[in-house]
**Q** 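Just dropping this structure here.
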Amino acid sequence: MAPASTRAAAALDDVTLDNTDALDCGLCCLPLKPPIFQCKVGHVVCSPCRDKLGAARRCHVCRTATSGGYHRNHDMEKLLESIRVPCSNAAYGCAAKPVCYDRDIHLRSCQHAPCHCPLKACGFAGSTSALMDHFAAVHMWPSTTELRSWRPVQVHLREGFNVTSLRADKQHYLFLITVARKQFGTAISVFCVHPQAPVVDGEPLPTPRTVGFEVRLKYSRRNYGSGDMCRGHTQETKFKVAFTDLSNGLPDSDDACHFFLPKLVHPFDIETITAEFDVGTVRMDAFSSSYTLS
């Protein structure tokens with residue numbers, strides 16, 4: 001026969017909690033977590049609220065005298081610690097089941113929060129690592145992986161989408177480089193594909209980003225023909241990178257910084273743009289909220 005703990009877990013596997021407020025503090029309405037306290041009748045409060053009620057002599061619910069103070073409720077703590085909830089990103093590969101009162105903490109750092117393919121007809125959504133694989137395997141977009149912060153590499157960009165990835169701050173970051181032909185030349189833009197703040201009960205969780213990025217692009221060409229008007233050209237731009245989860249497709253071009261190559265410098269009949277590219281981390285106080293795009 002299976003141990004009692006195993007039988008209990010199996011028996012409660014399909015339980016539904018009709019009233020999630022039952023897991024919240026009755027005073028501040030935030031999720032209860034240890035240490036938990038109760039009055040003599042059994043009404044519970046979280047530790048911060050118990051401290052605020054220190055001078056009160058009656059329970060905030062039943063008004064029962066609390067001359068001896070609120071007492072620790074170890075059974076309630078044990079019950080809460082046994083309640084595990086699936087991550088809301090389970091559909092995108094997250095197998096974590098955090099303790100119910102730590103769900104929001106897990107969501108803030110979940111590596112499986114979804115980002116989206118920028119092609120509307122595609123509809124793929126997944127973690128940034130899954131998205132990187134999708135770009136390479138399904139769309140076969142040119143990619144340069146495993147960049148190091150502020151270590152320049154040569155990239156060969158083609159019209160449309162190009163992909164790079166950088167490891168920084170113990171995480172992998174995905175960058176989408178778009179190359180678009182305009183009337184007078186070619187515009188190159190760079191976006192960091194990154195999940196937006198998770199939404200819980202209709203409200204985004206405050207999720208401070210610890211790292212921001214700047215990109216440096218350098219284009220240099222000397223091998224012009226004898227009939228070309230341009231005899232040599234060097235161009236370098238350094239700019240901040242906007243964050244987006246691509247849920248609404250590519251951000252408006254007016255919200256991004258462009259690296260623009262005049263047609264005279266790089267004619268359209270040359271399909272590949274060879275440039276020097278490097279990306280690095282910067283302090284987040286150098287960024288404003290406008291650099292998070294939907």
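None of the values given here were measured: they were computed from a predicted structure. Heads up: numbering here begins at 1 and tracks the sequence.
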**Q** Determine, step by step, whether F161 and L119 satisfy the side-chain contact (heavy atoms from CB on, under 4.5 Å) criterion, reporting the C-alpha distance in whole Å, the side-chain angles of both residues, the deciding distance to 0.1 Å, and the verdict.
**A** CA-CA 10 Å; F161 297 103; L119 298 181; 3.7 Å; yes

**Q** Which class fits the ring pair Y173 and F213: parallel under 30°, tilted 30 to 60°, perpendicular over 60°?
**A** perpendicular

**Q** On the 0 to 90° scale, with breaks at 30° and 60°, tag the H139-W141 ring pair as parallel, tilted or perpendicular.
**A** parallel

**Q** We want to know whether S129 and S127 form a side-chain donor-acceptor pair, criterion being a heavy-atom distance below 3.5 angstrom.
**A** yes

**Q** Counting C-beta onward and ignoring hydrogens, is there a side-chain heavy-atom pair between P118 and F135 closer than 4.5 Å?
**A** yes

**Q** Taking only distance into account, with no hydrogens and no angle test, what donor-acceptor pairs under 3.5 Å do side-chain atoms of residues 147-156 form with protein atoms, sequence neighbours excluded?
**A**
residue : atom : partner : partner atom : Å
S149    : OG   : T281    : N            : 3.4
H156    : ND1  : T274    : OG1          : 3.1

**Q** Determine yes or no for a side-chain-to-main-chain donor-acceptor pair under 3.5 angstrom, with H134 supplying the side chain and V138 the backbone.
**A** no

**Q** Does H233 offer a backbone N or O that forms a donor-acceptor pair with the side chain of Q235 under 3.5 Å?
**A** no

**Q** Check T128 against P195 and note the closest heavy-atom contact, atom names and distance.
**A** CG2-CD, 4.4 Å

**Q** Who else is in F260's hydrophobic cluster (ILVMFWY, side-chain heavy atoms under 4.5 Å, direct or via others)?
**A** F184

**Q** May I ask whether Y101 and L79 are part of the same hydrophobic cluster, defined by side-chain heavy atoms of I, L, V, M, F, W, Y residues being less than 4.5 angstrom apart, directly or through others?
**A** yes

**Q** When Ile, Leu, Val, Met, Phe, Trp and Tyr are grouped by side-chain heavy atoms lying under 4.5 Å apart, directly or through other members, which residues fall in the same group as L264?
**A** M229

**Q** Under a single-linkage definition using a 4.5 Å side-chain heavy-atom cutoff for Ile, Leu, Val, Met, Phe, Trp and Tyr, are V99 and I36 assigned to the same hydrophobic cluster?
**A** yes

**Q** Could you give the distance from NE2 (H43) to CD (Q38), rounded to the nearest 0.5 Å?
**A** 10.0 Å

**Q** Could you note down all residue pairs passing salt bridge (charged side-chain N to carboxylate O under 4.0 Å, His left out) where residues 75-91 supplies at least one of them, sequence neighbours left out?
**A** R72-E77

**Q** Which word best sums up how the rings of F243 and H194 line up, parallel for under 30°, tilted for 30 to 60°, or perpendicular for over 60°?
**A** perpendicular

**Q** For S88 and L107, which heavy atoms make the closest approach, and how far apart are they?
**A** OG-CD2, 3.2 Å

**Q** Mind running ring-ring contact (aromatic ring centres under 6.0 Å, His included) on F37 and H71 for me, showing each step along the way?
**A** CA-CA 5 Å; F37 298 87; H71 300 284; 9.1 Å; no

**Q** NZ of K33 to CE of M76: how many Å apart, nearest 0.5 Å?
**A** 14.5 Å

**Q** If you look only at pairs with a residue in residues 180-193, which of them pass as a salt bridge (charged side-chain N to carboxylate O under 4.0 Å, His left out), with sequence neighbours excluded?
**A** E159-R181

**Q** Should E214 and R216 count as side-chain neighbours, where that means a heavy-atom distance under 4.5 Å?
**A** no

**Q** So if you build clusters from Ile, Leu, Val, Met, Phe, Trp, Tyr with side-chain heavy-atom gaps below 4.5 Å, do F124 and L250 land together?
**A** yes

**Q** Where the side chain of Y224 meets the backbone of V265, is there a donor-acceptor pair that is under 3.5 Å apart?
**A** yes

**Q** In terms of hydrophobic clustering (I, L, V, M, F, W, Y; side-chain heavy atoms under 4.5 Å; direct or indirect links), are F239 and Y219 co-clustered?
**A** yes

**Q** How about F175 and S165: do any of their side-chain heavy atoms sit closer than 4.5 Å?
**A** no

**Q** If you apply the rule side-chain contact (heavy atoms from CB on, under 4.5 Å), what do you find for V190 with L176, and how did you get there?
**A** CA-CA 6 Å; V190 183; L176 194 64; over 6 Å; no

**Q** Report yes or no: do V61 and L27 belong to one cluster of Ile/Leu/Val/Met/Phe/Trp/Tyr joined by side chain heavy-atom distances under 4.5 Å?
**A** no

**Q** What closest approach, in Å, do R103 and P98 show between heavy atoms, and which atom pair accounts for it?
**A** CA-CG, 4.1 Å

**Q** Using side-chain heavy atoms (C-beta onward) and a distance below 4.5 Å, is L30 in contact with D24?
**A** no

**Q** Nearest 0.5 angstrom please: T234 OG1 to E276 CD, how far?
**A** 11.0 Å

**Q** Quick check: do D245 and P114 have side-chain heavy atoms less than 4.5 Å from each other?
**A** no

**Q** So, the side chain of D102 versus the backbone of I105: is there a donor-acceptor pair under 3.5 Å, distance only?
**A** no

**Q** Closest approach of L23 and C100, non-hydrogen atoms and distance?
**A** CD1-SG, 4.4 Å

**Q** Heavy atoms only: give me the nearest V193-C115 pair and the separation to one decimal.
**A** CG1-CB, 3.7 Å

**Q** Under 6.0 Å from the six-membered ring centre of Y70 and within 45° of its axis: does the NZ or CZ of R50 meet both?
**A** no

**Q** Tell me which one of V179, L217, N162, I177 satisfies side-chain contact (heavy atoms from CB on, under 4.5 Å) with I273.
**A** V179

**Q** Output, in order, the C-alpha distance, side-chain angles, deciding distance and verdict of side-chain contact (heavy atoms from CB on, under 4.5 Å) for T64 and R58.
**A** CA-CA 5 Å; T64 299; R58 293 186 179 277; over 6 Å; no

**Q** Could you check if a side-chain atom of F277 sits within less than 4.5 angstrom of a side-chain atom of T164, using non-hydrogen atoms only?
**A** yes

**Q** Carefully, step by step, assess F259 and T186 under the rule side-chain contact (heavy atoms from CB on, under 4.5 Å).
**A** CA-CA 8 Å; F259 183 92; T186 302; over 6 Å; no

**Q** Can you confirm whether C87 sits close enough to H112 that some side-chain heavy atom of one is under 4.5 Å from a side-chain heavy atom of the other?
**A** no

**Q** Could you report the tightest heavy-atom contact between C25 and C46, atom names first, then the distance?
**A** SG-N, 3.5 Å

**Q** Just wondering, do L174 and V163 contact through their side chains at under 4.5 Å, heavy atoms?
**A** yes

**Q** Which residues satisfy the side chain to side chain contact (heavy atoms under 4.5 Å, CB included) test with H172, sequence neighbours excluded?
**A** E146, R167

